[in-house]
Structure formats: structure tokens, C-alpha cells
2 protein chains.
Amino acid sequence: MENIDIKFIAKKSECSIATVSRVINRSKPVSEELQKRVIDTIRKYNYNPSIYAQNLAGKKSRLLGFIMTNYINQYQLLLFRYLNEFACKMGYGCIIRYCNSGFEEKLEVLRELEIRGIEVCFSLFLLSQEEEAYIKEHFRIKVCHMQSPEMRLNIIEKNESSVYEAVCYLAQLGHKRIGGIFCIDEIDDSFLMARKRGFLKAISQINLDQDESMIGQLHGECEKDSVISVIEKIFVPQKPPTALFCYSDEVAIEVMSWIMKQGYRIPEDISVLSFDGIPFAGRVTPSLSTISQPVEYQAKCIINGMLYLQDGIERPCDEKGNEYLLQIRDSVGLPSH
Amino acid sequence: MENIDIKFIAKKSECSIATVSRVINRSKPVSEELQKRVIDTIRKYNYNPSIYAQNLAGKKSRLLGFIMTNYINQYQLLLFRYLNEFACKMGYGCIIRYCNSGFEEKLEVLRELEIRGIEVCFSLFLLSQEEEAYIKEHFRIKVCHMQSPEMRLNIIEKNESSVYEAVCYLAQLGHKRIGGIFCIDEIDDSFLMARKRGFLKAISQINLDQDESMIGQLHGECEKDSVISVIEKIFVPQKPPTALFCYSDEVAIEVMSWIMKQGYRIPEDISVLSFDGIPFAGRVTPSLSTISQPVEYQAKCIINGMLYLQDGIERPCDEKGNEYLLQIRDSVGLPSH
DNA sequence: TTGTAAGCGTTATCAC
DNA sequence: GTGATAACGCTTACAA
């Protein structure tokens, strides 16, 4: 069987390959009649231009890169699922690489993506200004992340305010001793920091117990052991908190497990509230209250942002979708005293 | 700055581009001295051959396709993570599409993958013989799945025997009334069926209560509502089972939630055992006992199988890694009566 | 062992 | 509006 390429289509349509190319790309006007003829043959023979040839001839790659953290996190997995979905919708394919937090390793991954002909890549790791500058200097590939301005996610502000409001909500229920578990990364102003800021702001504003020992800090990886050692410090038997905010659902589930093993009841003895809104949060016992992120919306913004980096065309998202919802479930109740 | 392509490297190495190509691909012997010279210049200028040009010139695509089910399932997510990792290691990129179970939709996805120049694709959906035949007839792209012989996963047999053994274990603990929740797909002999077969075999062999009403069946999607309606039928208050096997961790977690809401205690009133070994199983309360699948091993086999389909080279996996481990945790205990 | 040159399937720049 | 044709960066006969 003959190969169905642009030459074949041209022959069948009785025109030149240049014309076929023009029809495909709408790059130059073609008479209506001829255009119809070409489209019909393309349909008839189910022709698809070779993306490799297109690329060689100077077109962009239609491939987006993604750097995911090696630590398997529900929220990320979900986010990527949507990212992939939107990318497909826009006619793009996604190439993922998993990677540890070291900068060297990220550079290695970037190099691999660049080899694949990828022009724009999204990193789930935030990047410091120096890192971004280094990449800009040494790579052709453009890198962006959650906090890149092109994404228009307002993520820092949204994180801070939603946590602030959630803690206020707990206070309204009557909680006075509210603990918090946070995660710190090396970036100066990250959305993870913002969660803590929102928490602290609420604590200090509403005149709650400001007990330093009720605030725990994780660093990067959230191994079971480190989670437990943090939570142990918060739960001093003399005066445990009556409510606990946790920066992520995943960690919160771990924490709830520990709390219940110690014999405390949730929410009778202690309420737990966390952040992310992963599907599992609603399935564990007791079901976990959480601030759910607009994952789908975020994915859309990210893809639009990446495409902007790719072709310079702005595709604004409706800001209305960017809502962080406080979902109160069984893990939150009134304080018992 | 000059473009660093094969011509550039050839010039700097003082040889022809053919030689450079031969060094890159080890396709024909090149004298040691010249080879070294070429490799050095490649290193020096950090040259990477354009995969697009390579492809156009007849090489395979170095891209693998993956069809994932639209239903977000932990095990799948984990599996894909490893698939991606191994694919990368072998120098391949992965393109994923999510898809519903309809055949038409799968065909659509296959077409998209084919357009991207992908030659081999793995489907998380099983395919009936007719479907496979249809695809073979109408597509260039090769499709495989969990039960394809190239994968050498023995998955049906392994599923059956591991469930059989797990149920035997429950019986040894003294459980006489063991319920089961299964999932049925349209494929005649699927590994999901095998789980049920293993269960039934154990039940009938060890002379346990053979109460039909203690066996529930899900169909395809595992929405919360359908899970609950199945579990409700199993738990008739008169004589509930003392142990329950569930075909997947994800559903088991949902089921445990329901059971505890009804006021039963796990494992005192009822033991729960399931299948998959997702990370969350160990994190919920009570921690879920499960038959953990060798995900990493499976991913390796799958990639090797796909590469075999791609280039005909066999890359056998050590069969030893193919172990299904019964992990007993807090959700399983002795029957109380 | 090495070099020359003909493809691979497009796009884009010219002419007409 | 349309058709030649060079160019994209590589692989691979074929020739030397």
C-alpha cells in the first residue's frame, strides 16, 4: 500500500503539496473549491501529517514537559491528571519526569526534556530566583511553576486567606487551643509558607492561645516517622489542643491515625482540619474536613500559562473558578470543654 | 551562534556526518581513534541529535502510549508512576490518555496516539479478543494490556492463588462466615474474575458457610453509592459475616467507613482484607490488611513487554520479583464468636 | 573504515 | 492562488 503522506494527498487532490500544507495550516488563502477538494481527500484517506516532519520543518513540538516530585502525593497526582486532560484538549502531549528536590537533578531532567524537543515545562517544585535565572541562562526550555505570574493562580494569597478563614471558623466553634502542622521549603515566599502565615494571622488576631509548642514543622519529605515526631511534640498530655490544622490532607490522615491510636477521639477530643481536598479525605473515618483546592481550575490555568509561554497567545481563565472551599465533615466538631 | 547539529559535530571532529551518526548509533564500526574524537566533540558541545530528524529518517519514535481509565484509582496511579520511571530509564517518553470504558472512545484515543507517531501502547482496560482483532486490522499501533502474553505477568493465576491463600488465612484464624465484594468487567477471563474464583475456591474447599448473599458484585465504576448498596446487602443484621474480602483497597476503605458508621467494630466484629497494597491502606484507621501487588515489578515487565513489541528484543524479568504479599494489619483479627 | 548522497515528510520562500 | 523547490537534521545504502 502506498504511504499516505502529503505528496499522496496532493496527487489525489490534483494540486501541489504546498497547497495541501496551506490547507492544513490555514497559513495562506486557498480557493474555496480547491480547499474543499483537499479536505475531502484528507478525510477520505484519513491522512495525518507527520509531527516529526512538521517539527523538522520548523514547527513547535506540541509537547509539554512536567517535573513531578518523587514523593507520591495525592493532590499532585490529581493535578497531573487534569493537566494531562487539558493539554490533550489543546492538542498537546505531556511528558513527565519524576525528580528529587536537588537542583542538580532538576537540571538533569530539564536537559532530558530539552532533548525531546520540548520548549515549555512545568515544575511542581518551586524555584528560587537564582535557580530560575540559572535555567534561563543555560537552557532553551522555559520553566514555570505554581507561582509563576503567567499562571495567574494567585496561589499565595489564596492559600493564606483560605487558611485564615478556616481557622477563624474553628475559633467560632469555640476552639481556643488550635495547633498547626506546616511544611517548610527553601523558597522564601511559597504557598506553603502562606498557609502558615494565614494560620498565625488568625491565631494572633482572634486572641487564641499562642502556644509555640502547638505548632509543628515538617521539612520537605513527609515520611511517617517525621510526621509522628512532630505530632508527638504537639500533643503534650497536660494540655493538648482541641483543634488541629494540618497543611495537607495526606499528612492529616497520618496524623488522625496517630491521634486515634493514642486514644483520643475525633472530633470529640480534637477536631482536625486540613488542606487540599483529595478524594480520600471524604472516605476515611472519620471523614476529613478540608479546604479543597480548585484542582481542575488550577490545571486549566497552568496549561493556558504554558501555552502562553509556548506561543505568546493569552488565554484568560475566568477568575470565578479559583475558589478554595472549606468542606466541613466529621473530623470537625465543637470543643468538649 | 552556530547551530549544534550533526554537521557541526562532523566538522569539528574532522569527519563526515555519516561517521558521527555511526558513532551515535553504534550502527557500524568506527576506528577507535575517530570514535573517541567524535565522542569528545559531542561531549564538548553538549550535542543532542534531534529526535524529530531521527524519526523522519526512519528511526522508531521512542515514545510509548498509555491508556488510563478515567476513574481515578490509586493502584493505577502508582503503576503509572513506575511505568513512567522505567520508560524514562530506557530512554522512552510516555504519553497518557484518559478514557472511559466505551470501545469507540478507546479507538479515538488510539488514533490520537497513532498520530503522535507512537507504535506501541498499553491499555489499563483489558480488551476482548474481538476488540484486539479489530484494532490489529485497523491500526498500525500495537496495543497490549495486563493480560497480554508479552507482559509475562501471570496475572490471572497470581490473582487467583493469592486470594485463595488469603481466604485460607482468614479461615485459619477461625472465620467461618466470610463475605466478598468483587468487580466484574465484560472480559471473559480477567484478573478481576480470578480474584473471585480464588475466593470461591477457598470457600468451597475449606467448608465455610456458602451463603450467596454474602457475595457482592460491582460493575465497572465504583461510585460510592453502588459500593454502599452492595455492602448493605451483605450486612443483613441477623447474621453478618465475621470477615470480608474486598477486591480492591480503594473500595475496602469505603466499605470500612460504612461498616464503622453502622456501629460495627473492625476487627472485633468484622475483619476486612483487601487487594492492591496502595500506600493509603497502611495509613487509614484501622490500618487495612491487604494483598499487596508487586507494582514496581509489574511496571518493569510491562515496559519490557512494550519494548519487545517495539523492537522485538526480549528483556526477561526475574520471575522472583512477582510476589503478591499478604500484609496483615489492624483490620484483621480473630472472630469474636 | 570512511565518505557521498538520496531519502524521510513537512514548511516556507520564491516565483508565476 | 498556486506550484516549484530549498531547507530542516538525521539514517543508510552505495561507493571508495
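Every chain is numbered from 1 and lettered A, B, ... according to where its sequence line falls, protein lines coming before strand lines.
At the heavy-atom level, B/S21 lies under 4.0 Å from base atoms of the strands shown. A/Y47 comes within 4.0 angstrom of the backbone, heavy atoms only, and of no base.
With distances taken from any side-chain atom of A/K28 to the nucleotides C/dT13, C/dG9, D/dG9, the minimum falls on C/dT13. Side-chain proximity of B/I17 to the nucleotides D/dT2, D/dT11, D/dG9 is greatest for D/dT11. Of the candidate nucleotides D/dG9, D/dA4, D/dC14, D/dA4 has the atom nearest to the side chain of A/S16. Listed nucleotides: C/dT2, D/dG1, D/dA4. Nearest to the side chain of B/L34: C/dT2. Looking at the side chain of B/V30, the nearest of the listed nucleotides D/dT12, C/dT2, D/dT11 is C/dT2. Side-chain atoms of A/P29 lie closest to D/dG1 of the nucleotides D/dA13, D/dG9, D/dG1. Side chain of B/N25, nearest nucleotide from D/dG1, D/dT11, C/dG9: D/dT11. Nearest nucleotide to the B/L56 side chain, out of C/dT11, D/dT2, D/dG9: D/dG9. Comparing D/dT12, D/dA4, C/dG9 against the side chain of B/A18 picks out D/dT12 as the nearest.
In this model, the phosphate group of D/dT2 is approached by a side-chain N or O of A/S31 to a distance below 4.0 Å at OP1 or OP2.
At whole-Å resolution of the value, CG in B/N55 and C1' in D/dT11 are 11 Å apart.
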